[in-house]
Protein chains: 2
Amino acid sequence: MVATDSLSLIFSALSDPTRRSILGRLAHGELSVTELAGPYEMSLPAITKHLKVLEKAKLITRGKEAQWRPCQLEAKSLKKADDWISTYRSHWEESFDRLDEYLKTIQKDENQPGEKSGKSKKRK
Amino acid sequence: MVATDSLSLIFSALSDPTRRSILGRLAHGELSVTELAGPYEMSLPAITKHLKVLEKAKLITRGKEAQWRPCQLEAKSLKKADDWISTYRSHWEESFDRLDEYLKTIQKDENQPGEKSGKSKKRK
DNA sequence: ATATTATTCAAAGCTAGAGGTAAATACTCA
DNA sequence: TGAGTATTTACCTCTAGCTTTGAATAATAT
């Protein structure tokens, strides 16, 4: 990754299934690295690195308790991602409307068939 | 990227600022590659590659109109990302509650000071 | 002090990402 | 057909990402 802005870090962190799964498990409460690593067929150092990525994206915070460095979900960063995506919410709601419109259009076209699909907008 | 599941493709596509910006501009309507490339200090082939990434993630669809391959936003995939994130929505709402609790806790501790921060949960 | 448990660091391998330039392809119009 | 415009392919470079193994560090318990 070249970009280091917070949104890019967040989306990049979320682009790995293991990391998403880790977040999912942290949603039920704090876990240590070893506990976290349990289900995955992956070395501990690999998990450590995934945690680093999540930490850099501020999707988790880490504590210190004896020899454990427990991980905790930090949902505020997920909210950041959600805020970005939510600006498009109207678009996917709209697309149902477009589907409706489309369906109405076919019905109409069944009576008066004509152009195949040509919308020939002119471009300079 | 190793993962090829749709969520990973989507989040990975969103992890680049240029690609997010492209989606933002497509939100206002269909655009050709050259129109899209305009604002960025980047070669056309670079833009083509970004579009490929967006297309693979099904965040855009492409048309064919004379020598143009216009791009269109496909919001359904954004909804997929939104659905994943939304399972955590309760967590960031909750975190305000936790802040409240925390603030109450300090107020109490100002009267009877004691342990620095020790929550010493036992772990086997 | 030593053994045990938990976690991280270092080095290396390999694949993919992001960008560039130059050339090829696709379509339109005269 | 040939010129012009739009887009993609091929190829190259460089950096970053994911994973491994083996060794190092940190804290606890004996």
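Residue numbering restarts at 1 for every chain, and letters A, B, ... go by the order of the sequence lines. Because only heavy atoms are used, hydrogens play no part in the values below, and waters and symmetry mates are left out as well, while side chains stay in. Being a predicted model, the structure only gives us computed values, none of them experimental.
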**Request:** Output the single nucleotide from C:dT7, D:dC18, C:dC9 whose closest atom is nearest the side chain of B:Val2.
**Result:** D:dC18
**Request:** When you get a sec, tell me which of C:dT8, D:dC18, D:dT8 is the closest nucleotide to the side chain of A:Val53?
**Result:** D:dC18
**Message:** Checking the side chain of A:Ser86 only, and the main-chain atoms of A:Asp83 only, is there a donor and an acceptor separated by less than 3.5 Å?
**Reply:** yes
**Donor-acceptor under 3.5 Å (B:Arg25 side chain, B:Glu35 main chain)** =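 It does hold such a pair.
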**Asked** Yes or no on side chain to side chain contact (heavy atoms under 4.5 Å, CB included) for B:Leu14 and A:Leu14, after CA distance, side-chain angles and deciding distance?
**Response** CA-CA 10 Å; B:Leu14 295 180; A:Leu14 294 180; over 6 Å; no
I need the [atom1]-[atom2] distance between [X] and [N], as an integer number of Å.
X       : N      : atom1 : atom2 : result
A:Arg62 : C:dT7  : CZ    : P     : 8 Å
B:Gln67 : D:dA6  : CD    : P     : 7 Å
B:Ile47 : D:dT9  : CD1   : P     : 15 Å
B:Leu51 : C:dA18 : CG    : P     : 13 Å
A:Met42 : D:dC18 : CE    : C1'   : 8 Å
B:Arg69 : C:dT25 : CZ    : P     : 14 Å
B:Lys49 : D:dC14 : NZ    : C1'   : 13 Å
A:Trp68 : D:dA29 : CH2   : C1'   : 11 Å

**Request:** Have a look at A:Lys64 and say if it touches a base, only the backbone sugar-phosphate, or nothing, with a 4.0 Å heavy-atom cut-off.
**Result:**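 Here A:Lys64 touches no strand at all.
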**Message:** Under 4.0 Å, counting only non-hydrogen atoms across every strand here, what does A:Ala46 touch: a base, just sugar-phosphate, or nothing?
**Reply:**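 It contacts base atoms.
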**Asked** Pick the nucleotide of DNA chain D nearest each of A:Leu44 and A:Arg19; which residue has the one closer to the 5' end?
**Response** A:Arg19
OP1 or OP2 of [N] less than 4.0 angstrom from a side-chain nitrogen or oxygen of [X], does that happen here?
X       : N      : answer
B:His50 : C:dG17 : no
B:Ser43 : C:dG20 : yes
A:Thr48 : C:dT7  : no

**Item:** DNA chain C: 5'-proximal contact among A:Thr34 and A:Met1 (nearest heavy atom)
**Value:**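 Final value for this comparison: A:Thr34.
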**A:Glu30 side, atom CD; A:Glu65 side, atom CD - distance, nearest 0.5 Å** =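 A:Glu30 CD to A:Glu65 CD: 6.5 Å, rounded to 0.5 Å.
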**Asked** About how many Å separate CZ of A:Arg20 and OG1 of A:Thr18, when rounded to the nearest 0.5 Å?
**Response** 9.0 Å
